[in-house]
Amino acid sequence: MLLLVRSFDEWRAAARQLIVRRAPPESVQWTGQEEGGDLLSGAMPELPPQASQQPDVAPRVPRQLMEMLQSAACYRDPGRWAFLYRVLWRWHHGEQEILSMADEDGGRLQHMVKAVHHEVHDMHAYLRFRERPESAGAPRYVAWFEPAHDVLHEVALHFAKRMGRNSWLIATPEASVLWDGSTLHSTGPLMRSAADIDDPGEAMWLTYYRSIFNPARLNADIMHSHIRSRFWKNLPEAAVVPQMVSQAAAGARKVGQLDTVGKRKGATIPIAPEDAQPERQQPSTLDECRRCDLWQNATQAVGGQGARRAKVMLVGEQPGDQEDLAGKPFVGPAGELLDRAMDQAGMDRRKVYITNAVKHFKWEPRGKRRLHKTPGQREVMACHYWLETELEAIGPDVLVALGSTALKSIMQSGSVALKDHFGKPFQHEGRWVVATYHPSYALRVPSSEARAEALAAIVEALRTAKRLSEGGPPEDPMAA
Amino acid sequence: METIDKLEILADAAKYDASCASSGAPKRSSEGRDGIGATNGMGICHSYTPDGRCVSLLKILLTNFCAYDCQYCVNRRSSNVPRARFSVQEVVKLTVDFYLRNYIDGLFLSSGIIRSADYTMEQLVAVARELREVHQFRGYIHLKTIPDADAALIEAAGRYADRLSVNIELPTQNSIEQLAPEKSVHTIKLAMGNIRLKLDEKEAEPKAPVFAPAGQSTQMIVGADASDDQRILSTAETLYGSYKLKRVYYSAFSPIPQSPKSVPLAPPPLLREHRLYQADFLLRGYGFQVKELLPASGNLALDIDPKLAWALANREHFPMDLNRAELAMIARVPGIGLRNAKRIVELRRMRQVRYADLSRLRCSMKKIAPFIITADYSPARDTTPSETLRRAMADAPEQMPLWPELQAA
Ligand code: SF4
């Protein structure tokens, strides 16, 4: 049986019927051209039903394969329709390997798809429109291209999106498409070669092309490996390439500058170095701290914030990812939890002072994210200097140590354990200290029960701190 | 001065910035609408110049007048280069004209610092605004951000631009202080942090106004100071983690006319730059960490690629059974890329992987053989010393495909 198909849709309709009739690939001949003789175009002849065989079910083709078949159908090869039918037949009979490049037909299919995609890509990239004068009317932009596969229609859709209401024509040796600003018209060949239009825009392009080239990096082979040779003849820049290459090769490689730029008259800018300094807020001394290495990988130092004469100071561990960007303590998820705890304890955030034991974010890369890392005792001790400065300036009566790093910093000792002081206020250097969990602990524990308990413990510690700051007793008289 | 003369000077001045990608923008179309321009997220290189680099965007400076005196920069105030300045209108017209002729996918605009950081940033934003609002330009826009500029200006820039970038230029604070006295690592980091906060806000609040949908990137110059590759890659890793950068670009330092004594006069270290790109790709795409690629300070090997270097230094993982190993580990085999690693795992679901499959997948067989086990193949275990393998597999020195995947982000 000889079948004539001229488009993917015709092929698909025919192939579908053939599968239903269980016509094996060897029994069908496909052609894309009318060669005379007995041709059946697309539509299937009425075959007498074979008594022995029930018609097969229609093929179910996944979208991925259908798209591959459709792309491969643009590949200019006289055997394409027969090949596509063999692929479809094999898929229909359960041979999933057809999707793998390691299969022979699968490899050929992928090769065809890739070649067609490549051609579409290259036409998107290397097609050049020339502008016609306004007085000449539509089309305002004309391009000539010689594609190796039947991709013109798909490419035209791309340019319809790109060019808006501007009218244009793309001519190829086989066919042309015209866009009038709102509709696409397909016609036969309209031109025989590149348009002979004098477009002054091309001079601008060549100037740009020459200037953006860096002669110090001359590497013409790479250029040629990217743009396949058959495209060069229609690229306007092709005319200037040989001269650029030979100039760069003949000594101009010493610097990156274009020689015609170097020949122009130059000028230094008469500005005194002092005046060139941008007006910048002076970084605080905290920002300039180099007492340990943590500043290197952090964005900025995050100092404390709050009331200037606060009676209660909350001390956390160190800024996290969000705090590091915002430059403020406790703004991330842990900050939200702390806000909630303060709310429940009846503590006004504006009346306390909130800071961290360590002022720069310590982290290590985990994929594309920053993973919090607990600061070491050396860093805690180095940064204690800043906590000391804050204690002097604010003069709080009560310190709340949120977590063990905070406690270690306040006590200036690496050996204190949170569990020994947990929830039991004690005096240190003339101040009350209340130790409890760090809010991020309450975010981290897995069970919701333990989370609620941790939050309750923090609230309790804040209540105690508030009471102590108001001169109350260390133990809650109501608790008993 | 005619526009074409300015173009010659201001494109020449812009060529030292390595970034040229036009990918990552949301899909936009002008079909049947006023205005022009479309993006499909992929970006296209419209040409290549004889240095092997792609032309995807109209990459120019608004002006090369500059008050700063960065030693590695041809436009520094003490440099005797011809100076020019585009008007906002000129840049807009050039962009639209080039776009309609299909030379470019959009605009990458940068500038020397004139008057003040804020004034300069305002001018850059004005170009983008005019393109978007007056011409309804839907192509790609990348704006270089001036780190000292007001946060409100950066926010405005992000409304119009697909991508913002702040260049770190040099990998250490020390080098920046010495070679770029007017710049500050502190403000550069703050600007990057600021952009990331805005990107995060937008991600958390999809209805918020658009902000730089193609993200932010930066550039580091390689070979202008004494920093080694480990320093450079560690800085890159820090920046990726902290500011969610889409890309760090590495630009081999090119000697400039009337070069100051503080920077080298040597030709650009292109192979080193290429190795950094390969290493960077391993960090972003393959889950490698810098300390795996370069456990101690020093440079990447020049004769072999960083993945092969890692494999030769970590022979205990090999030979790896491709019918059992996890996807991420398969991708670590020299000669097998991410895509082929996926294909191998897919094929494995249907049947055993055999040696011949790999050559059909076009894996690099020369590299792969000592590192793998398949259903029908197993190399002699660990008998060949790594040094011998290395010599056999070293790249020929002239092979140097630059920009292997520049469009990949
Ligand atoms: S963490 Fe503290 S001690 Fe270390 S650099 Fe930062 S501010 Fe200074």
Side-chain angles (χ1 to χ4, degrees), chain A residues 96-97 100-102 107 124-125 127-129 141 160-164 182 201 204-205 207-209 211-214 216-220 222-223 226-227 237 241 244-245 254-258 261-262 264-269 271 276-278 280 283 287 297 299-300 325 365 367-370, chain B residues 4 7-9 11-12 15 29-33 35-36 38 44-52 59 65 67-68 77-78 80-83 97 100-103 117 148 182 186-187 189-190 193 196-197 237-238 240-242 254-257 267-268 270 289 343 347 350 357 360-361 401-402:
Chain A
Q96 294 192 9
E97 276 175 63
S100 171
M101 260 200 34
H124 288 170
L127 176 138
R128 300 283 187 255
F129 280 113
Y141 294 88
K161 290 182 185 140
R162 207 180 140 94
M163 303 287 278
S182 59
M204 285 282 194
W205 166 240
T207 297
Y208 177 67
Y209 183 81
S211 309
I212 205 68
F213 160 59
N214 184 338
R217 307 177 59 115
L218 178 66
N219 199 342
I222 301 294
M223 168 183 70
H226 279 291
I227 306 183
E237 55 266 35
V241 164
M244 288 165 70
V245 172
K254 276 195 228 59
V255 289
Q257 195 177 54
L258 181 68
V261 171
R264 288 172 184 265
K265 197 166 150 307
T268 59
I269 313 283
I271 294 181
Q277 286 295 340
R280 243 177 229 152
D287 273 329
N297 292 341
T299 301
Q300 56 192 318
L325 300 177
K368 283 167 192 147
R369 304 213 336 272
R370 300 196 279 188
Chain B
I4 196 161
L7 179 63
E8 180 170 83
I9 292 169
D12 187 79
K15 70 172 130 203
S29 167
S30 298
E31 187 171 347
R33 302 166 71 184
I36 59 163
I44 301 173
C45 297
H46 286 272
S47 194
Y48 288 82
T49 50
D51 50 23
K59 179 161 46 172
F65 285 92
Y68 288 10
R77 66 168 182 266
S78 61
N80 183 27
V81 286
R83 310 272 175 179
D97 286 353
L100 283 168
R101 290 175 176 82
N102 203 38
Y103 300 148
D148 277 302
E182 285 86 14
H186 189 64
T187 44
K189 281 181 173 181
L190 285 177
R196 198 201 120 185
L197 274 179
E237 192 172 49
T238 300
Y240 278 127
S242 303
S254 287
I256 45 180
L270 295 185
Q289 296 201 343
R343 284 179 179 147
L347 179 64
M350 304 178 224
D357 295 331
R360 273 198 294 271
L361 290 177
L402 282 169

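Just so we're on the same page: letters track the sequence lines, and every chain starts at 1. Excluded from the calculations below are hydrogen atoms, water molecules and symmetry mates; all remaining heavy atoms, backbone and side chain alike, are included.
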Flag the pair [X] / [Y] as yes when at least one side-chain heavy-atom distance between them is below 4.5 Å, and no otherwise.
{"X": "A:Val261", "Y": "B:Val81", "result": "no"}
{"X": "A:Met163", "Y": "B:Leu100", "result": "yes"}
{"X": "A:Ile222", "Y": "B:Tyr48", "result": "no"}

Looking at [options], which one has more heavy-atom pairs under 4.5 Å with chain A than the rest?
{"options": "B:Arg33, B:Glu31, B:Glu8", "result": "B:Glu8"}
{"options": "B:Arg101, B:Arg360, B:Lys189, B:Arg343", "result": "B:Arg101"}
{"options": "B:Asp148, B:Asp357, B:Thr187, B:Leu347", "result": "B:Asp148"}
{"options": "B:Gly32, B:Ala117, B:Gly35", "result": "B:Gly32"}

Quick check: closest heavy atoms across [X] and [Y], and the distance to 0.1 Å?
{"X": "B:Gln289", "Y": "A:Pro365", "result": "NE2-O, 3.1 Å"}
{"X": "B:Pro50", "Y": "A:Tyr209", "result": "CD-OH, 3.9 Å"}
{"X": "B:Tyr68", "Y": "A:Ala276", "result": "CE1-O, 3.6 Å"}
{"X": "B:His46", "Y": "A:Ala125", "result": "ND1-O, 3.1 Å"}
{"X": "A:Thr268", "Y": "B:Ser78", "result": "CG2-O, 3.3 Å"}

Salt bridge (Lys or Arg N to Asp or Glu O under 4.0 Å) with B:Arg196: which residues, sequence neighbours excluded?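 Once residues adjacent in sequence are excluded, the partners of B:Arg196 under the salt bridge (Lys or Arg N to Asp or Glu O under 4.0 Å) criterion are A:Asp321, B:Asp200.
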
Roughly how far, to the nearest 0.5 Å, is the [atom2] atom of [Y] from the [atom1] atom of [X]?
{"X": "B:Asp51", "Y": "A:Leu218", "atom1": "CG", "atom2": "CG", "value": "8.0 Å"}
{"X": "B:Ile4", "Y": "A:Thr207", "atom1": "CD1", "atom2": "OG1", "value": "3.5 Å"}
{"X": "B:Arg83", "Y": "A:Ile269", "atom1": "CZ", "atom2": "CD1", "value": "4.0 Å"}
{"X": "A:Asp287", "Y": "B:Leu190", "atom1": "CG", "atom2": "CG", "value": "7.5 Å"}
{"X": "B:Asn102", "Y": "A:Arg162", "atom1": "CG", "atom2": "CZ", "value": "4.5 Å"}
{"X": "A:Asn297", "Y": "B:Glu237", "atom1": "CG", "atom2": "CD", "value": "9.0 Å"}

Which atoms of [X] come close to chain B, meaning under 4.5 Å heavy atom to heavy atom: side chain ones, backbone ones, both, or neither?
{"X": "A:Glu97", "value": "both"}
{"X": "A:Lys265", "value": "backbone"}
{"X": "A:Thr299", "value": "both"}
{"X": "A:Tyr208", "value": "both"}

Legend entry - Full working for side-chain contact (heavy atoms from CB on, under 4.5 Å) between A:His226 and B:Cys45: CA-CA 10 Å; A:His226 279 291; B:Cys45 297; over 6 Å; no

Under the 3.5 angstrom rule, does the side chain of B:Lys15 hit a backbone N or O of A:Ser211 as a donor-acceptor pair?
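Present.
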
For the pair B:Asp12 (side chain) and A:Leu258 (backbone), establish whether a donor and an acceptor sit closer than 3.5 Å, ignoring hydrogens and angles.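 Judged by distance alone, yes, a pair lies under 3.5 Å.
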
Under a 4.5 Å cutoff for heavy-atom pairs, which residue among [options] has the most contacts with chain B?
{"options": "A:Ala160, A:Gly107, A:Ser100", "result": "A:Ala160"}
{"options": "A:Gln277, A:Met101, A:Met204", "result": "A:Met204"}
{"options": "A:Ile227, A:Leu127, A:Asn214", "result": "A:Asn214"}
{"options": "A:Ile271, A:Ile212, A:Val241", "result": "A:Ile212"}

Counting only non-hydrogen atoms closer than 4.5 Å, does [X] touch chain A with its backbone (N, CA, C, O), its side chain (CB onward), both, or neither?
{"X": "B:Ser254", "result": "side chain"}
{"X": "B:Asp97", "result": "neither"}
{"X": "B:Thr238", "result": "both"}
{"X": "B:Leu361", "result": "both"}
{"X": "B:Glu182", "result": "both"}

**Message:** If the condition is side chain to side chain donor-acceptor pair (under 3.5 Å), which residues does A:His124 pass it with, not counting sequence neighbours?
**Reply:**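 A:His124: no side chain to side chain donor-acceptor pair (under 3.5 Å) contacts found.
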
Query raised in the report: Going by atom types only, do B:Ser242 and A:Arg370 share a side-chain donor-acceptor pair under 3.5 Å?
Result: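 Yes, a side-chain donor-acceptor pair sits under 3.5 Å.
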
Q: Could you give me the CA-CA distance, side-chain angles and deciding distance for B:Tyr103 and A:Arg128, then say whether side-chain contact (heavy atoms from CB on, under 4.5 Å) is met?
A: CA-CA 7 Å; B:Tyr103 300 148; A:Arg128 300 283 187 255; 3.5 Å; yes

*asked:* Evaluate A:Arg280 against B:His186 for side-chain contact (heavy atoms from CB on, under 4.5 Å), listing each step before the verdict.
replied: CA-CA 11 Å; A:Arg280 243 177 229 152; B:His186 189 64; over 6 Å; no

